[in-house]
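Have a look at the structure below, then the notes.
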Amino acid sequence: MIPFNKPYLTGKETQYIFEAVNTGHISGNGTFTKECHRFLKDSFGFKKVLLTTSCTDALEMAAMLINIQPGDEVIIPSYTFVSTALAFVRQGADIVFADSTPEHPNLDATKLESLINSKTKAIVPVHYAGVACDMDAIMELAHKHQLYVIEDAAQAIDSYYKGRPLGTIGHLSAFSFHETKNIQSGEGGFLGINDEKFIKRAEILWEKGTNRAEFFRGEVNKYGWVDTGSSFLPSDIIAAFLFAQLEHLHEIQNRRKEIWNQYFKSLKELETEGYFKLPVIPEYATNNAHMFYLLCNTADQRNQLLTFLKQHGVHAVFHYLSLHSSPFYSNKYRGNPLPNSDHFSDTLVRLPFYFELSEEHQLKVIHTIERFFRS
Ligand SMILES: *Cc1c(COP(=O)(O)O)cnc(C)c1O
């Protein structure tokens, strides 16, 4: 069976973990955590970076930092992972779901303004498949209505909007290093801070509501409980693993882009014949090759394709069930239908995609898809 995903190891992970253990200190904010912070800040230009144990944690920190209160409304796409909504729902927010664009699962910025009212506090664009949302349009609306923008950049490491790294455009952003992402540490993530006013409080929320970070920098002479928070920081063992991955960022991205381009080129002909649609990358966006997907014409065709691939040794998968239809939120959702979001839930197929996918296996995936549609 060709798996859907296989987490990549660069080979340095265990060496760095060994080094971390040998320092004698593997709690949070240690040597490797600082290395990762420096790498991410220098590579992409955040004002501040804080590693977390997940993107979910980083989103929770963002929700706390912008002081989401019960009754506040937060606009997010329905076609996304649970955490995008959950982090705000935990603070009492009401979720207002935005529909996707017709061409791409990203939220449709041209339809956003009708969702904004006096209770709206934030917009959370999700850069699906690492492809940028229309950030100029979103930032302009946010500025006009005085809203915060939190980028869910879980899939968007090393991807760009008009030359600007994703995650550096909104007030705050959240990234994931879950083992299904381009760069991984099993579980992991970080909060990107672009508005300096959040830096001091973010460090406090990160460290259980204490001013420990300031204390260790020698800025205060004792530390204590000063705010709310949680234990959001990962052990330095996770940071050691992560640093081994970050050092190979370019090599990883280049190989993934090769795989992506091979799929695109090889499946183009079937697309031209009308069997399915290939991903669209808007002119303002780059492709960080997070995933490769097809859009089938109908849900039935999609399900038959998944079954056929499985029978022939290829593990392909669908993706999100739109959150407005989820068991947890469907009875709370009072908004309009979201046809584009439903369409992506019904028709999207993700193909096997990982650094070590061999040419031979990729050709097998492509040929199996050809057989399905041509026979
Ligand atoms: C993976 C993912 C998350 C969650 O990331 P974790 O690190 O597992 O918490 C959130 N949002 C999106 C869009 C994702 O793809």
Side-chain angles (χ1 to χ4, degrees), residues 5 7 49-68 72-98 100 105-107 121-131 133 138 148-157 159 166-167 170-193 198 202 205-206 228-234 238 242 290-291 317-330 332-333 338 341 344-345 348 350:
N5 181 47
V49 161
L50 290 171
L51 287 193
T52 54
T53 52
S54 64
C55 176
T56 307
D57 268 1
L59 287 165
E60 286 176 9
M61 286 184 74
M64 291 163 103
L65 282 168
I66 63 169
N67 263 321
I68 292 292
D72 288 345
E73 291 188 5
V74 176
I75 301 172
I76 72 162
S78 184
Y79 194 76
T80 184
F81 189 63
V82 175
S83 307
T84 319
L86 181 59
F88 298 89
V89 167
R90 289 174 84 259
Q91 297 284 121
D94 291 326
I95 302 299
V96 174
F97 289 116
S100 301
N106 281 345
L107 62 74
K121 194 79 183 271
I123 305 170
V124 189
V126 178
H127 305 299
Y128 186 78
V131 172
C133 296
I138 293 168
Y148 289 116
V149 174
I150 319 281
E151 297 177 68
D152 181 337
Q155 306 173 8
I157 190 94
S159 203
L166 296 186
H171 300 84
L172 297 161
S173 59
F175 287 79
S176 176
F177 297 124
H178 185 263
E179 74 167 32
T180 51
K181 306 302 201 272
N182 292 28
I183 300 293
Q184 63 117 359
S185 58
E187 303 286 348
F190 73 92
L191 176 74
I193 303 174
F198 292 117
L205 301 186
W206 194 55
T228 185
S230 190
S231 188
F232 288 116
L233 71 177
I238 292 182
L242 178 63
H290 172 61
M291 73 167 83
V317 294
F318 57 85
H319 210 184
Y320 304 127
L321 301 168
S322 293
L323 297 181
H324 70 277
S325 313
S326 63
F328 186 70
Y329 217 80
S330 56
K332 300 178 194 65
Y333 179 65
L338 301 165
S341 180
F344 292 113
S345 292
L348 192 142
R350 293 179 294 158

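Quick caveat, the model's predicted, so the values are computed rather than measured.
Side-chain contact between W206 and M61 is present, with at least one heavy-atom pair separated by less than 4.5 Å. Residues M291 and Y128 are in side-chain contact: their nearest non-hydrogen atoms beyond the backbone lie under 4.5 Å apart. Looking only at side-chain heavy atoms (C-beta outward), S230 and E60 stay at 4.5 Å or farther from each other. Contact annotation: the side chain of P125 approaches that of V149 to within less than 4.5 Å [non-hydrogen atoms, C-beta and beyond]. Annotation: side chain of P105 is in contact with side chain of L348 (closest heavy-atom distance under 4.5 Å). Residues D94 and V96 have side chains not in contact (no heavy-atom distance under 4.5 Å, counting atoms from C-beta outward).
Below 30°, between 30° and 60°, or above 60°: for F81 and Y320 the angle between ring planes is between 30° and 60°, a tilted geometry. Aromatic ring orientation, Y148 versus F198: perpendicular (interplanar angle above 60°, classes split at 30° and 60°).
The main-chain N or O of L323 is found under 3.5 Å from a side-chain atom of S78 such that the two form a donor-acceptor pair. Panel note: side chain Q155, backbone A129; a donor-acceptor pair is recorded below 3.5 Å. Of the possible polar contacts, none joining the D152 side chain to the V124 backbone as a donor-acceptor pair under 3.5 Å is found. Listed for the S173 side chain is no donor-acceptor partner under 3.5 Å among the backbone atoms of A153. For N5 (side chain) and E179 (main-chain N/O), a donor-acceptor pair under 3.5 Å exists by modelled atom type.
Separation of atoms OG1 (T84) and CD1 (I150) is listed at 12.0 Å; rounding is to 0.5 Å. Rounding to the nearest 0.5 angstrom, the gap separating the CG atom in N67 from the OG1 atom in T228 is 10.0 Å. How far NE2 of H178 is from CD of Q184: 9.0 Å, rounded to the nearest 0.5 Å. Here OG of S185 is found 8.0 Å from CD of E187. Values are rounded to the nearest 0.5 Å. The distance from the CD1 atom of I193 to the CG atom of L50 is 5.0 Å, given to the nearest 0.5 Å. The distance from atom OG of S83 to atom CZ of F88, rounded to the nearest 0.5 Å, is 10.5 Å.
Across every non-hydrogen atom of A63 and Q91, the tightest pair is CB-CG, 3.8 Å. A pairwise comparison of heavy atoms in G167 and E151 identifies N-OE1, 2.8 Å as the closest pair. Between F177 and I183, the shortest heavy-atom contact is CD2-O, 3.3 Å. Contact record, T52 with D57: CB-CB, 3.8 Å, taken as the closest heavy-atom pair. Pairing each heavy atom of K181 with each of A154, the nearest pair is CE-O, 3.6 Å. Across every non-hydrogen atom of A156 and H127, the tightest pair is CB-CB, 4.0 Å.
A distance below 6.0 Å separates the ring centres of F97 and Y329.
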### Task
Give the intermediate values and the outcome of side chain to side chain contact (heavy atoms under 4.5 Å, CB included) for residues I138 and C133.
CA-CA 8 Å; I138 293 168; C133 296; 3.8 Å; yes
### Task
Applying side chain to side chain contact (heavy atoms under 4.5 Å, CB included), run through L242 and F190 and close with a yes or a no.
CA-CA 11 Å; L242 178 63; F190 73 92; over 6 Å; no
